[in-house]
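First the proteins, then the strands, lettered A, B, ... as listed; each starts at 1.
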Amino acid sequence: MSKLEKPYNAGENEQAIYNLWQENNCFAPVSAPQKYVVAMPPPNVTGRLHIGHALGSTIQDILVRFHRLLGEEVLYLPGTDHAGIATQAVVERELAKKGIKRFEMGRENFVQEVWQWKDKYHERIVEQLKVMGVSCDWSREAFTLSEQYNEAVYTAFARMHEKGLIYRGEYLTNWSVKGQTAISDDEVIYEDRPGKLYYIKYLLSHNVDQSIIVATTRPETMLGDSAIVVHPKDHRYKKLVGKFAKLPLVGREIPIISDNAVDKEFGSGAVKLTPAHDKNDWELGQKHRLAVINIINTFGKLNENVPDAYQGLKTSAAREKIVNDLDSLNLLEKVEEIKHRVGVSERYGDIVEPIISTQWFVKMKPLAQKAIEAVESGAIKIIPKRFEKIYFHWVNNIHDWCISRQLWWGHRIPVWTKGAQTYVGVKAPQDKNWIQDEDVLDTWFSSALFPFATLGWPNTKSSDYKKYFPTSTLETGYDIIFFWVARMVMMSLELTGKVPFETVYLHGLVRDEKGRKMSKSLGNIVEPVELSRQWGTDALRMALVMGTSPGGDVNFSPTRAKGYRNFANKIWNASRFVLSHVGKEVVPIEVKKLDIHNRGDLAQLNNLISDVTGLLNENNVALAGEKLYDWFWHTFADIIIERHKKILLDGKEEERLASRYVLWCILEKCLIMLHPFMPFVTETIWQEIPLGLRKGQKFLVNNKWPS
RNA sequence: GGACGAUUAGCUCAGUUGGCUAGAGCGUCUCGUUUACACCGAGAAGGUCGUAGGUUCGAGUCCUACAUCGUCCACCA
């Protein structure tokens, strides 16, 4: 009992306890009929642990530890994500500080640089995860850009290509000038920004004394206009439909057409159409078979398809010049200040430029149908249920997914060409002169394979894949339900024919105590590792998880951790008290021979056990934790221990024996049940308990859940 | 424009299928230094559960409308 001094000091014990578990291989799956498999959402390998990771890994770890205690064969599989665009953007930014550009460095050098980053920061994120106490099997740690994982990615690509689910084509895509890459629709974030709406006169071809006024926020794109569109029922313009207008500054004749897509009320009710540089215009252009005139290059500058005066100008400079030129020609009717939404690149922060380029796409419609059925049929259960609707809505309205990126950090596309020949496969063709596609895959393409690529797929005979796939529960934030969850479901059904997991548990966003998002600019970010140092990981875990419901955002105040630090101390002291009286072993007593009070105590314990077990089986982590907290403190410590205290001091020998037995029974069961929530204090205490009392159970992690 | 969530004590939130005389933590106040714990104990104050209707023997819980806040999706020339 020497080590059980007061008060409980988390800092002194946590690291040692984690090492103890690892050294004794406590997190490795132990063969059992019932499996429980959780794949950890892999954090960005160069990232640092934020409060959202802390919440997620706590919930995962609670479920995992619970099922391990139930005696199931538990695999909690960790990994990190190479996070293509995110990592590359960060490394580029760092290099830029030293005045180095990636194109000057060259591909090989740059990629090598990123690998060094990866090696350097990988350890940091892993250490931080361990601070949270995650009980995963590190011997199986995955990395989404490892050689083995790459084979899975290439196999997936090749098979889907063969089935026609992956195709290459020239389409309008979101282009980040800063990142020099295409990005998918999901990587575009829309922001409200102040802008200007320019009203421009286009003179009519058949009568140059008259004009039609179009309104636009992007006057510079007018040089690529193919038409003017009005609403078919707009009486102002009815007569003009079918006529032509003269494109100012260019002189080209463009038709005036009609389409229901136009909003009569907005601007002048007449829209200029630039199929090469606007998503809606692109679609309308396709519908009306209009010319696509590409005027902006990948560097965001006007190209040779515009009049000499504007060639080589950046779009912003071109806008200024065009507005001035129109004004001096008396073709600028007016300018309005408006607020409008602009698409911004999630990772590079620049305004997305829609341009035409050749990219690889995944055909989503055929995948979507199965993904819907999987949830409708109940093969996959989403918690909370309301997210099913959001999931259906997204999957139902899905567009093809642009998966090629003009980046260097990632899985290079497994396509080789030689003259007119194309080869798609897992390995490069043997003979010479084949050239591999320069682009890499969207990082989410590889993440989408995570639950099976980490278990040995495409080798479906590998023992891990056979034993542990499909996985049991996927726990993640609701913010990546589209990026990740839906895509995993689709890819898994397509490639393995199975659902990737049975249950999806979604947690919410961690906000500050006022309900604001945590952000650098607000200065309200809290570092989980800091909080763990201050109050202990057990306290942090409880503070994160208590009083939360699935899918609900958490307003997190660090002071809450203080309350649970106190609780850790409470467990500590209650244990000290009980253990100091119980001695080295305890004599079991039949329930029949116990008096009514003792029986009552044990009956209450049994109620608690069945409540907590039931709640955890329903994944109701917060309520289970609250029950334990409340009962342990306010029933066990405040009432039961207090009552027995008197008996232990001046009761008869027989009564004292009974008290010892009852107290030990309760303490033992409580320690086990509290363990998933507060693994460190409980294990620390367990290690101080005499072996006789422990019935040979060396570790609490691998103990048996009471029933 | 479409969908979803929230609204319960000063603050942050629980309240699982309607049984609540509405709970917890923190905070506030009073008392108490009793050898498990002051990172404690005993007790107190504090809520017409957003508003208005409805269903029901009974509604914080179900239904309808509204209000406020928040989130997501789509569109914004």
Base, sugar-phosphate, or nothing: which does A:R386 touch, judged by heavy atoms less than 4.0 Å apart? sugar-phosphate
Does a side-chain N or O from A:K279 land closer than 4.0 Å to OP1 or OP2 of B:rC75, or not? yes
Ignoring hydrogens and angles, are the base of B:rC37 and the side chain of A:K570 linked by a donor-acceptor pair under 3.5 Å? yes
Please determine whether any donor N or O and acceptor N or O are separated by less than 3.5 Å between the side chain of A:E642 and the base of B:rA42. no
Which is true for A:W535 with a 4.0 Å heavy-atom rule: it touches a base, it touches only sugar-phosphate, or it touches nothing? nothing
Whole angstrom value for the distance that separates P of B:rA36 from CZ of A:F636: 14 Å
Give a yes/no verdict on a cation-pi contact between A:K645 and A:F577, requiring under 6.0 Å between NZ or CZ and the six-membered ring centre and an angle within 45° of the axis. yes
Using the C1' atom on both, measure B:rU51 against B:rG58 and round to a whole Å. 22 Å
If I take atom CG in residue A:D185 and atom P in nucleotide B:rA74, what distance separates them, rounded to the nearest angstrom? 8 Å
Pair of N/O donor and acceptor under 3.5 Å linking B:rC26 base with A:R560 side chain: no
Is it the case that the side chains of A:N569 and A:N573 hold a donor-acceptor pair, with the cut-off being a distance below 3.5 Å and no angle test? yes
Does any nucleotide pair with B:rA42 by Watson-Crick or G-U wobble geometry, both distances under 3.5 Å, and what is it? B:rU30
Between A:I390 and A:E626, who's closer to the 5' end of RNA chain B by nearest nucleotide? A:E626
G-U wobble or Watson-Crick pairing nucleotide for B:rC57 (cut-off 3.5 Å, both distances): B:rG19
Whole-Å gap separating C1' (B:rC37) and CD1 (A:I685): 12 Å
Base partner of B:rA24, which must satisfy Watson-Crick or wobble distances under 3.5 Å: B:rU12
Could you tell me the separation between the NZ atom of A:K562 and the P atom of B:rA38, rounded to a whole number of Å? 14 Å
Go ahead and name the base partner of B:rG47; Watson-Crick or wobble counts if both distances stay under 3.5 Å, otherwise write none. none
Counter-base of B:rU68, judged by Watson-Crick or G-U geometry with both distances under 3.5 Å: B:rA6
Within the 4.0 Å heavy-atom criterion, would you say A:K264 contacts the bases, only the backbone, or no part of the nucleic acid? nothing
Does a donor on one side chain and an acceptor on the other come within less than 3.5 Å for A:H288 and A:D259? yes
By the 4.0 Å heavy-atom rule, please label A:I338 as base, sugar-phosphate, or nothing. nothing
